[in-house]
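This one's a predicted model, so the numbers in the text were calculated from it and none came from an experiment.
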Amino acid sequence: MRTARAARTTSVTTGGDRRPLAAGASRRWGLGVAAVLLLAACGSPAGPPEVRATESVAPAIDAAKAAAPAPVVPATWPLTGVVGEPAARPALAVKVENTAVARPQAGLDQADVVWETIVEFDVSRFVAVFHSQTPDEVGPIRSVRPMDPLIVAPLRGLLAYSGGQPGILEEVVASGVQSLSHDRGVAGMYRVSGRSAPHNVYGSPQTFWEQVDGAHQAAPQEQFDFARSPERASAVVAGAPATTLAFRLSPASSPSWTWDGSAWLRSEGAKPASAANGARLSAVNVVAITAEHPDTPYGAQGGAAVPTYSLVGSGDAVVATGGKTLAARWQKDAPDAPLRLLGADGSSVTLAPGNTWVELVPAGKGSLTIS
C-alpha cells in the first residue's frame, strides 16, 4: 500500500504575516541567512563604517593645517628689497651736485635710491639716499632746494646739505627730518683740496649717523614695493623689451640708461657715468616720474626763480626693470607719504630687489624716449 508522504513546510514571518515555505525554499532561505551571518562574522571589527571614517578625517586635516608652521618670510632691506637683516639706523639723504665740474661724485654707487631733480638754470642735482651701505665719503654736497623736503619727508631720517635760503630751511624743518647743515658746522662735513669752492664740500656718512637724535633713530619704511625675485617684478612680467632710456630733463641735462643684460648703465649725454672710485653708475630699477615743475617765490642769482616739483597728487610714470619698461601711474597722498607706483588697474607695481634711480621729468618740458 502506498503511503502518501507529507510535504515538509517551514514558516517565516515577514511584515507581520506568517507564511509557509516549501522545503526547498526553506533550505535555500536558510543557506542565505547563514551566508549573511558568515559574512558579517568575517568582517574586520577594527574597520569603522564609511560614514564614521568621513566624520573623523575632516578634523584630522584641520588639525594638521593648524599644526603646520607658517612660511618663513626673510627680512629685507626696506629701500632695496634685498634679503638681509636691516641695520638699526635711519635713512640718510644727501644733496649731491651734478654739474660737469662735480663729476665724478663720491658715494653714488652705494646709494639705495637716487632722485635726480632739475633746479634753477636747468642744472641737475641728486638726492642720494643711503641705508644698506656706508660709503667712506660722499660729495660734492650742495645746498637744499624746495623739492627736497617732499622727497625725504617719508623717510623720517637725516638730510645732509651745505646750506640754503631761510625759507627753504624752514620747509626742511617742517618736513620732520633731522637737518645736518655744513653752514651750521655739523660734524663730518669738510672741504677737500683739489676742487674749488663751492664744489669741494664732502662728508662722512658714518659721522652723520653718529649724530642721529632720539626722534630719528628708526629704520625707514619701504618707499616702493618690491617683488621677492627679479623675474617677478612687474615690468619683467608684463613690460615691453627696451635697451635704451634717453631722458631730456632740461636743455642742460640729458642722462641716458642702457641695458647691458644685467643692469641699467648710466651715461651723462654720450659719456659713461662713473663714481669717484671708478665704479660705473648703474641701477636695477629706473623710474621716470613726470610731474609739474613750477617756479617758487625763492630767487637765485640774477633774479632767476628756484623751481620745485608738484609731488602731492598723481601723474604718469614709467618703470624700467630687467631690460623691459612698463607704463604706470604715480600717486603721493601727502608731503610725508611715500610715492607709490600703480598699474592701470590700481594694483601696486613692484620693482626688482636692488638699487633704484628716480628721474623727475618736468611735465611739458622734459621727455623720455625708449628704444
Side-chain angles (χ1 to χ4, degrees), residues 77 79-82 84 86-87 89-117 123-143 152 155 157-162 180 182 186-211 245 247 253-287 320 352-359:
W77 289 87
L79 301 186
T80 64
V82 174
R89 63 187 181 196
L92 166 65
V94 184
K95 194 62 184 280
V96 178
E97 184 179 359
N98 188 36
T99 59
V101 296
R103 305 177 194 134
Q105 301 94 331
L108 288 180
D109 57 310
Q110 292 180 266
D112 289 349
V113 185
V114 178
W115 297 71
E116 184 166 18
T117 69
V123 174
S124 161
R125 284 194 182 172
F126 300 135
V127 178
V129 183
F130 302 90
H131 185 242
S132 66
Q133 299 187 64
T134 308
D136 293 333
E137 187 174 62
V138 62
I141 299 175
R142 293 301 299 269
S143 53
V152 302
L155 298 167
L158 314 177
L159 174 60
Y161 52 95
S162 63
L180 304 175
H182 181 251
V186 66
M189 212 172 293
Y190 46 84
R191 294 188 183 274
V192 300
S193 60
R195 292 202 178 192
S196 60
H199 316 290
N200 61 349
V201 178
Y202 284 69
S204 164
Q206 184 58 49
T207 305
F208 296 155
W209 270 312
E210 291 170 357
Q211 299 172 73
L245 313 172
F247 288 90
S253 180
S254 297
S256 65
W257 297 87
T258 303
W259 178 249
D260 75 340
S262 60
W264 294 101
L265 303 181
R266 180 179 173 89
S267 296
E268 294 287 354
K271 185 177 181 181
S274 300
N277 61 7
R280 181 72 183 271
L281 295 183
S282 65
V284 173
N285 308 288
V286 178
V287 178
N355 70 322
T356 301
W357 280 62
V358 182
E359 302 285 3

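Proximity of a side-chain donor or acceptor of Arg142 to a complementary backbone N or O of Lys95 within less than 3.5 Å is not detected. Side-chain atoms of Thr80 never come within 3.5 Å of backbone atoms of Pro353 as a donor-acceptor pair (strictly under, hydrogens ignored). Trp209 places a side-chain N or O within 3.5 Å of a backbone atom of Pro90 that can act as its donor or acceptor partner. At least one donor-acceptor pair closer than 3.5 Å links the side chain of Ser162 to the backbone N or O of Ser143. The main-chain N or O of Tyr190 is never found under 3.5 Å from a side-chain atom of His182 such that the two would form a donor-acceptor pair. A donor-acceptor pair under 3.5 Å links the side-chain atoms of Gln105 to the main chain of Glu97, judged by distance alone. In this structure, the side chain of Glu359 does not engage the main chain of Phe247 through any donor-acceptor pair within 3.5 Å. Of the possible donor and acceptor atoms, none in the side chain of Asn200 sits under 3.5 Å from a partner among the backbone N and O of Gly194.
Across Ser282 and Asn355, no two heavy atoms sit closer than the pair O-ND2, 2.8 Å. Of all non-hydrogen atoms in Leu92 and Ala160, the two that sit nearest each other are CD1-CB, 4.4 Å. The two residues Arg89 and Ser132 have their closest heavy-atom pair at NH2-C, 3.8 Å. Nearest heavy-atom pair across Gly354 and Val284 is CA-CG2, 3.8 Å. When all heavy atoms of Ala128 and Ala111 are compared, the pair lying nearest together is CB-CB, 4.3 Å. Of all the heavy atoms in Ser124 and Ser253, the pair that sits closest is CB-OG, 3.6 Å.
Checked by atom type, the side-chain pair Asp260/Ser262 shows a donor-acceptor distance below 3.5 Å. Gln206 and Thr134 share no donor-acceptor pair across their side chains, judged by distance under 3.5 Å alone.
Summarising the geometry, atom CD belonging to Gln110 is positioned 11.5 Å from atom CD belonging to Glu137; distances are rounded to the nearest 0.5 Å. Distance CG/Leu79 to CZ/Phe130: 11.5 Å, rounded to 0.5 Å. Taking CG of Leu245 as the start and OG of Ser256 as the end, the distance is 8.5 Å to the nearest 0.5 Å. Separation of atoms OG1 (Thr356) and CH2 (Trp115) is listed at 10.0 Å; rounding is to 0.5 Å. Of the inter-residue distances, the one linking Ile141 atom CD1 with Tyr202 atom OH reads 9.0 Å to the nearest 0.5 angstrom. Considering CG of Leu281 and CG of Leu108, their distance stands at 6.0 Å, rounded to 0.5 Å.
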Candidate pair Val114 and Arg266, rule side-chain contact (heavy atoms from CB on, under 4.5 Å), full reasoning:
CA-CA 12 Å; Val114 178; Arg266 180 179 173 89; over 6 Å; no
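Two rings, from Trp357 and Trp257, have their centers less than 6.0 Å apart.
Pairs engaging residues 100-112 under the salt bridge (Lys or Arg N to Asp or Glu O under 4.0 Å) rule: Arg103-Glu268 [sequence neighbours left out]. Contacts classified as salt bridge (Lys or Arg N to Asp or Glu O under 4.0 Å) and involving residues 188-211 (residues at least two apart or in different chains) are not found.
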